[in-house]
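Each chain gets a letter, A, B and so on, in the order its sequence line appears, and its residues count up from 1.
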2 protein chains.
Amino acid sequence: MAESLMETNASCGGPDSRAVAARLAALSHPARIEILKHLSTSNSCCCREVVDRFDLAQSTVSQHLKILVEAGLVRFEPDRQRSRYAIDHAALADISASVAALVNSCCSGR
Amino acid sequence: MAESLMETNASCGGPDSRAVAARLAALSHPARIEILKHLSTSNSCCCREVVDRFDLAQSTVSQHLKILVEAGLVRFEPDRQRSRYAIDHAALADISASVAALVNSCCSGR
DNA sequence: ATCGTTCATCGGCGATAGACGATGAACGGG
DNA sequence: CCCGTTCATCGTCTATCGCCGATGAACGAT
C-alpha cells in the first residue's frame, strides 16, 4: 500500500516520508516489537494471550494492538467474545522494503 | 520511553527489541527522513544548509540532527564554526538489516 | 575591537505517547 | 438468568516530543 500522492510540501517532508514515518512509528516501541514476534509464533492470538505473556495491563496491550492494527501491520478479526490478531506478513514485508528503499536512496547519493 | 516496567525482564521485550525500537524511533519522523535524504545528496552538510532547505527553525533542525547523531545514523564533525553532518551508511544499512531480520523472524513462525 | 554568521542549548508551550484502573458491552457456560 | 471471561474504551496522570524564540559561545572577516 504505497502512497504515491504528490504534495508540494517543502516544509516538512514529502508525503512518502510521512507515510514511512507513520508506519515506522508503530514499530518503534519495544513492547510492540515483542508483540509482533509473539504473534508470529502462533498464527492467531487473542488479547488475553498477549496480556498473559507480557507484564502489561490489559488496557495497555489492547492499545498497542490497536496501534499495530491501525498501522496495518496486524489484522484484526472479532471471534465470539475474543479478538483474533494476526500478523499481516505482506505489510511487514512492505515496511522492510520501504526501509530498504530509503536506505538505498540515501546511498545512491554518492 | 517506558523504562520502568520492562527493565531487565525477559518476559517483556528483549534488549534487542529495545535497541531496534530506539533506532527506528529516530527514523520515524518525516522531517528526519527528509533530512537524511538531503544529507545523502551532498556528502557533507552543515546545519545552516538544512535550515535553508526546510521550513524549520534553526533550533529545531539542530535538535533533529542531534537525534540522528545520537541514534548513530549520522556522523558529526565540527569544522571551524560549522558543524559537518554526514550520513553513516553502515549504520543505515544496519538498520535496514535489523528490520529485515525482524520481519523475517516474524515470517518464519509459520 | 566589533560585527556577522553559525550553531548548541535553554526554557516554555501545546500536543501526544504510554501507562494504569475502572467501566460496560458482548458472549458462553453454569 | 446470573456469572465469569474477554475486550475496547474512557479518564487520568506523568513523561516526552516537537516546535519555537532567545541567548551566548565560537569563529571569520572587516
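Close to D:dC19, at under 4.0 Å from its OP1 or OP2, lies a side-chain N or O of B:H29. Using a 4.0 Å cut-off, no side-chain N or O of B:H64 falls inside it from OP1 or OP2 of D:dC17. Taking only side-chain nitrogens and oxygens, B:R48 never comes nearer than 4.0 Å to OP1 or OP2 of C:dC7. Residue B:K66 places at least one side-chain N or O closer than 4.0 Å to OP1 or OP2 of C:dT9. Under 4.0 angstrom from either OP1 or OP2 of D:dT9 there lies no side-chain N or O belonging to A:S59.
Rounded to an integer number of Å, the gap from CG of B:L68 to P of D:dC17 is 14 Å. Straight-line distance from the CG atom of B:L56 to the C1' atom of C:dC7: 16 Å, rounded to whole Å. What separates CG of A:D79 from P of D:dA8 is a distance of 12 Å, to the nearest Å. Atom C1' of nucleotide C:dA8 and atom CD of B:E77 are separated by 17 Å, given to the nearest angstrom. Rounding to whole angstrom units, CD of residue B:E70 and P of D:dC17 are separated by 10 Å. Straight-line distance from the CD atom of A:E49 to the C1' atom of D:dT5: 14 Å, rounded to whole Å. Atom CZ of B:F54 and atom P of D:dG18 are 16 Å apart (whole Å). Rounded to whole Å, atom P of D:dT6 lies 15 Å from atom CG of A:L65.
Residue contacts for B:S62: at a heavy-atom cut-off of 4.0 Å it reaches a base atom on one of the strands shown. In this structure, A:R32 reaches the sugar-phosphate backbone alone: every heavy-atom distance under 4.0 Å involves primed, P, OP1 or OP2 atoms, never a base.
Between B:H38 and B:F54, the two ring planes are perpendicular [angle over 60°; tilted spans 30° to 60°].
Take the nearest nucleotide of DNA chain C for A:A57 and for B:Q81: the residue whose nucleotide is more 5' is B:Q81. Mapped onto DNA chain D by nearest heavy atom, A:T60 and A:R82 fall at different nucleotides, with A:R82 at the one closer to the 5' end.
Of the candidates D:dC10, C:dC27, C:dA8, the closest approach to any side-chain atom of A:R80 belongs to C:dC27. The side chain of A:Q58 lies closest to D:dC7, out of D:dG11, D:dC7, C:dA8.
Not a single donor-acceptor pair under 3.5 Å links the side chain of A:T60 to the backbone N or O of A:L56. A donor-acceptor pair under 3.5 Å is formed between the side chain of A:S40 and the backbone N or O of A:K37. Checked by atom type and distance alone, the side chain of A:R75 never pairs as donor or acceptor with a backbone atom of A:Y85 at under 3.5 Å.
Between B:Q58 and B:V51, the closest heavy-atom pair is CA-CG2, 3.6 Å.
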